[in-house]
There are 2 protein chains.
Amino acid sequence: MPSPLEKARLNPDSMKAKILGVARKLFGDYGYNGTTTRMIAGKVGIDISTLYYHWGEKQDLYEALITDINEEIQLEFKEVEKNVKDKPLAERLDIAIDILTDYLFAHPEVSNLILHDSFNKSKPETVPDIKIGDFTSNIAIAMDLAKSRANVSVQTKARILAVWNCVLNFISGESFFRPILDIDRQHYLDTIKETLKFIIVPAFTKEKKEETYGIKP
Amino acid sequence: MPSPLEKARLNPDSMKAKILGVARKLFGDYGYNGTTTRMIAGKVGIDISTLYYHWGEKQDLYEALITDINEEIQLEFKEVEKNVKDKPLAERLDIAIDILTDYLFAHPEVSNLILHDSFNKSKPETVPDIKIGDFTSNIAIAMDLAKSRANVSVQTKARILAVWNCVLNFISGESFFRPILDIDRQHYLDTIKETLKFIIVPAFTKEKKEETYGIKP
DNA sequence: ACTTATATCCATCAATTGATGGAAACAATG
DNA sequence: CATTGTTTCCATCAATTGATGGATATAAGT
């Protein structure tokens with residue numbers, strides 16, 4: 001028997017799926033408290049009670065949504081793993097940044113939801129977290145920065161999180177940062193990628209060459 | 001005649017200042033919509049109408065708060081500028097990271113508010129933005145990465161924003177990231193700094209040596 | 001065609017929230 | 001003490017919001 005979520009994913013034209021899609025964008029834009037069930041229903045073009053009929057409580061809808069995002073990201077990471085096989089580190093990082101940035105740029109609500117999820121304290125307790133910890137380890141393995149999932153050092157995890165954070169902020173903060181940089185959307189995407197690569201690739205690839213660029217021991 | 005804000009800053013024991021202080025933390029934790037005037041009044045230990053008496057609308061309080069933060073950050077940047085004078089680039093970056101990370105770590109609500117401000121679409125229109133654009137240029141000058149405020153390249157701005165984003169996320173996401181890294185608070189602060197320095201300093205100081213670490217033209 | 005199951009809407013509730021008017025307490029001034 | 005100005009609280013409003021019961025429509029099964 002398929003879970004409610006799988007059912008929704010199976011038929012994208014179903015009302016459940018439509019609601020979930022709209023909810024993703026709205027929860028992403030306005031956060032859990034800033035989004036009302038009436039906003040969602042209104043944008044879908046249905047009555048609130050229809051929404052409640054399909055998804056039950058607001059919390060349940062939000063939870064389904066987080067689960068959905070979790071699965072989607074996991075797929076994206078698998079895509080990365082597939083593409084980086086047997087490549088040297090520099091190229092791996094390059095590919096990973098490309099794939100993940102493209103994905104998030106095309107689905108900015110994912111980025112928004114992750115940020116809300118990690119930083120906002122005003123959401124229901126019961127809601128499952130987005131599993132960033134797992135993703136971090138996955139990436140470490142994929143980048144060949146650690147031998148096994150249990151072996152990822154604090155340093156490595158922190159560095160991956162740093163990159164991850166950068167990407168998320170650039171995506172979610174587009175409307176904020178793009179005016180500062182004063183460039184168009186495509187140029188912005190290119191700039192993000194370039195910036196990430198420029199900053200990250202050397203740091204990770206240099207690793208054992210020269211550890212001290214003015215850093216105290 | 002001092003503005004209401006200056007008045008509040010002058011006497012930290014005043015009710016206005018107390019309210020503002022509590023509001024900073026609560027708006028930081030729960031965002032604009034997640035924070036109610038009753039929450040603020042409750043935590044201060046006063047009636048809501050007393051809050052309205054001192055600050056008027058919720059919006060007005062929030063605006064005052066953003067202005068307050070803006071000024072505080074500006075002071076912090078001045079502190080950086082003072083400390084990096086006549087130092088080589090690597091050391092400048094090092095000092096800047098130390099000062100800003102320490103400041104934000106001691107005032108996490110500032111970081112929270114900036115993130116909410118840049119990413120959340122559900123706040124009143126009229127509220128002034130936090131002036132990240134200005135800060136970016138200031139840092140570029142202080143780091144000697146640009147000659148004049150008008151001369152900061154898109155690349156440089158983007159790189160500074162990347163670092164800035166990293167710091168903010170690490171601070172605001174402490175409750176989220178620290179369990180992932182499984183370290184104590186002090187160790188966390190050290191790790192943030194080390195990570196930032198390790199990733200950022202080489203990228204900025206290498207600048208003209210080798211531009212291509214797997215980056216396509 | 002009749003019955004049953006599914007899906008949608010209308011009307012409404014109780015709780016929360018932003019906001020205000022007015023009474024009471026308090027302080028300052030004459 | 002009397003007067004005036006400031007600060008605080010109580011009571012209350014109107015609007016919004018999460019949520020539900022019940023009527024109604026649409027589709028499916030027999």
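Letters A, B, ... mirror the listed sequences (proteins, then strands); counts begin at 1.
- The distance from atom OH of A:Y30 to atom P of D:dT17 is 13 Å, rounded to the nearest whole Å.
- What separates CD of A:E57 from P of D:dT17 is a distance of 18 Å, to the nearest Å.
- Between A:I48 and A:H54, the one whose closest nucleotide on DNA chain C sits nearer the 5' end is A:H54.
- Ring pair A:F119/B:F177 is perpendicular by interplanar angle, where above 60° counts as perpendicular and below 30° as parallel.
- Using a cutoff of 4.0 Å between basic side-chain nitrogens and carboxylate oxygens, B:E109 and B:K25 are not scored as salt-bridged.
- Remark: P of C:dT20 and NZ of B:K58 are 14 Å apart, rounded to the nearest angstrom.
- Across all strands shown, B:S49 has heavy atoms under 4.0 Å from base atoms, whether or not it also approaches the sugar-phosphate.
- Within the 4.0 Å cut-off from OP1 or OP2 of C:dG18, at least one side-chain nitrogen or oxygen of B:T37 is found.
- Here D:dT16 presents its P atom at 14 Å from CG of B:N33, a figure rounded to the nearest Å.
- For the pair B:Y53 OH and D:dC10 P, the computed distance is 17 Å after rounding to whole Å.
- Residue-to-nucleotide proximity on DNA chain C shows that, of A:T50 and A:R38, the 5′-proximal contact is made by A:T50.
- Between the C1' atom of C:dT20 and the CG atom of B:L51 lies a distance of 14 Å, rounded to the nearest Å.
- Rounded to a whole Å, the CG atom of B:D47 is 14 Å from the P atom of C:dT20.
- B:Q186 and B:D190 share a donor-acceptor pair across their side chains, judged by distance under 3.5 Å alone.
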Audit row: A:D13, A:K18, salt bridge (Lys or Arg N to Asp or Glu O under 4.0 Å) steps and yes/no: CA-CA 7 Å; A:D13 290 332; A:K18 248 186 243 170; over 6 Å; no
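- A:W55 has its CH2 atom 16 Å from the C1' atom of C:dA7, to the nearest Å.
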